[in-house]
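These notes are about the structure you will find just below.
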Amino acid sequence: MWTVVYISQSIETAQKLIDALSQNGIISQMRRARSEEDKCGCYEVLVPNTELAAAQDLIIENELF
């Protein structure tokens with residue numbers, strides 16, 4: 001199962017995080033967040049549940065975002 005680890009308002013920021021996770025061996029994917037009105041331009045970065053703690057640690061320790 002996949003869990004959202006970060007929500008970004010730009011696709012570029014989301015892609016930078018995915019690249020950083022990948023460089024550290026953490027599997028991730030991105031999807032566009034949808035609101036009921038579909039006005040949100042947000043992107044979710046997701047990781048498998050088994051990678052969640054490692055992804056959170058990487059983000060926090062390296063002050064990625």
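Computed from a predicted model, the values in this text were never measured in an experiment. No hydrogens, no waters, no symmetry mates; every other heavy atom, side chains included, goes into these values.
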Apply side chain to side chain contact (heavy atoms under 4.5 Å, CB included) to residues Y43 and T13 and explain how you reach the verdict.
CA-CA 9 Å; Y43 297 86; T13 302; over 6 Å; no

Let me see the working for D19 and Q23 under side-chain hydrogen bond (donor to acceptor under 3.5 Å, both in side chains), right down to the final yes or no.
CA-CA 6 Å; D19 293 343; Q23 290 174 0; over 6 Å; no

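With sequence neighbours left out, E51 forms a salt bridge (charged side-chain N to carboxylate O under 4.0 Å, His left out) with no residue at all. Not counting sequence neighbours, N24 has no partner by the side-chain hydrogen bond (donor to acceptor under 3.5 Å, both in side chains) test. Residues that satisfy the side-chain hydrogen bond (donor to acceptor under 3.5 Å, both in side chains) test with S22, not counting sequence neighbours, are absent from this structure.
Scanning all heavy atoms of the two residues, the minimum distance from R32 to G41 falls at NH2-CA, 4.1 Å. S8 and A14 get closest at one heavy-atom pair: OG-N, 3.7 Å.
Counting heavy-atom neighbours within 6.0 Å of Q9 CD, excluding the residue itself, gives a total of 12 or less.
Both V47 and I11 belong to a single network of hydrophobic side chains, linked directly or stepwise wherever heavy atoms of I, L, V, M, F, W or Y lie under 4.5 Å apart. Linking Ile, Leu, Val, Met, Phe, Trp and Tyr whenever their side-chain heavy atoms come within less than 4.5 Å leaves L21 and V4 in two separate clusters.
Taking CD1 of I26 as the reference point, atom CD1 of I18 lies at 12.0 Å (rounded to 0.5 Å). How far CE of M30 is from CG of L17: 10.0 Å, rounded to the nearest 0.5 Å. Atom CD of E61 is separated from atom CG of L58 by 7.5 Å, given to the nearest 0.5 angstrom. Rounded to the nearest 0.5 Å, atoms CH2 (W2) and CG (L52) are 12.0 Å apart.
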